[in-house]
Amino acid sequence: MKINITYDSSVANAPAGFKGAVDAAVAFYESTFNAPVTLNITIGWGNLNGSAIPDGALGVSSAGDYYALSYNEMRNALWQD
């Protein structure tokens, strides 16, 4: 598994250690899963595509090209690997 992270400019406002924590998570997943896939993830801090996330929201996401799988389908595919 290969994970490519792109940070948008808002990450400059993230707390110290934010990028280090993301790097650690990426390293964990890349070393844990041996699948012939590449994930491209863009990360921001406090916004999504330039718009502020709603008050009280822990986070938001947006998906581009993806396969719609149920939780069980995704879990089983990862478990088989």
Side-chain angles (χ1 to χ4, degrees):
M1 174 181 283
K2 173 67 177 147
I3 301 174
N4 298 317
I5 300 294
T6 303
Y7 294 100
D8 75 16
S9 60
S10 66
V11 173
N13 298 316
F18 177 73
K19 285 185 177 181
V22 171
D23 291 342
V26 167
F28 170 78
Y29 284 108
E30 286 182 337
S31 68
T32 300
F33 297 105
N34 183 20
V37 297
T38 299
L39 300 176
N40 297 307
I41 302 172
T42 302
I43 296 178
W45 180 260
N47 74 68
L48 176 63
N49 297 325
S51 297
I53 64 171
D55 287 342
L58 179 60
V60 293
S61 65
S62 172
D65 296 332
Y66 66 96
Y67 296 100
L69 300 174
S70 70
Y71 170 81
N72 284 332
E73 290 170 322
M74 177 65 79
R75 180 194 171 279
N76 290 338
L78 290 171
W79 190 260
Q80 290 173 12
D81 191 36

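Owing to the predicted nature of the structure, the values given are computational and were not obtained by experimental measurement.
With 3.5 Å as the limit, one finds no donor-acceptor pair spanning the side chains of Asn72 and Ser70.
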(request) In sequence, state the C-alpha distance, the side-chain angles, and the governing distance for Lys2 and Val37, and then conclude on side-chain contact (heavy atoms from CB on, under 4.5 Å). (result) CA-CA 6 Å; Lys2 173 67 177 147; Val37 297; over 6 Å; no
(request) Determine, step by step, whether Asn40 and Thr6 satisfy the side-chain contact (heavy atoms from CB on, under 4.5 Å) criterion, reporting the C-alpha distance in whole Å, the side-chain angles of both residues, the deciding distance to 0.1 Å, and the verdict. (result) CA-CA 8 Å; Asn40 297 307; Thr6 303; over 6 Å; no
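Taken to the nearest 0.5 Å, the CZ atom of Phe33 stands 9.5 Å off from the CH2 atom of Trp79. Atoms CG and CZ, on Asn13 and Phe18 in that order, are 11.0 Å from each other to the nearest 0.5 Å.
Two residues are said to be in side-chain contact when any heavy atoms from C-beta on lie closer than 4.5 Å; Ile41 and Ile3 meet this criterion. Between Val22 and Ile5 there is a side-chain heavy-atom pair separated by less than 4.5 Å.
The heavy-atom pair separating Tyr29 from Met1 by the smallest distance is O-SD, 4.0 Å.
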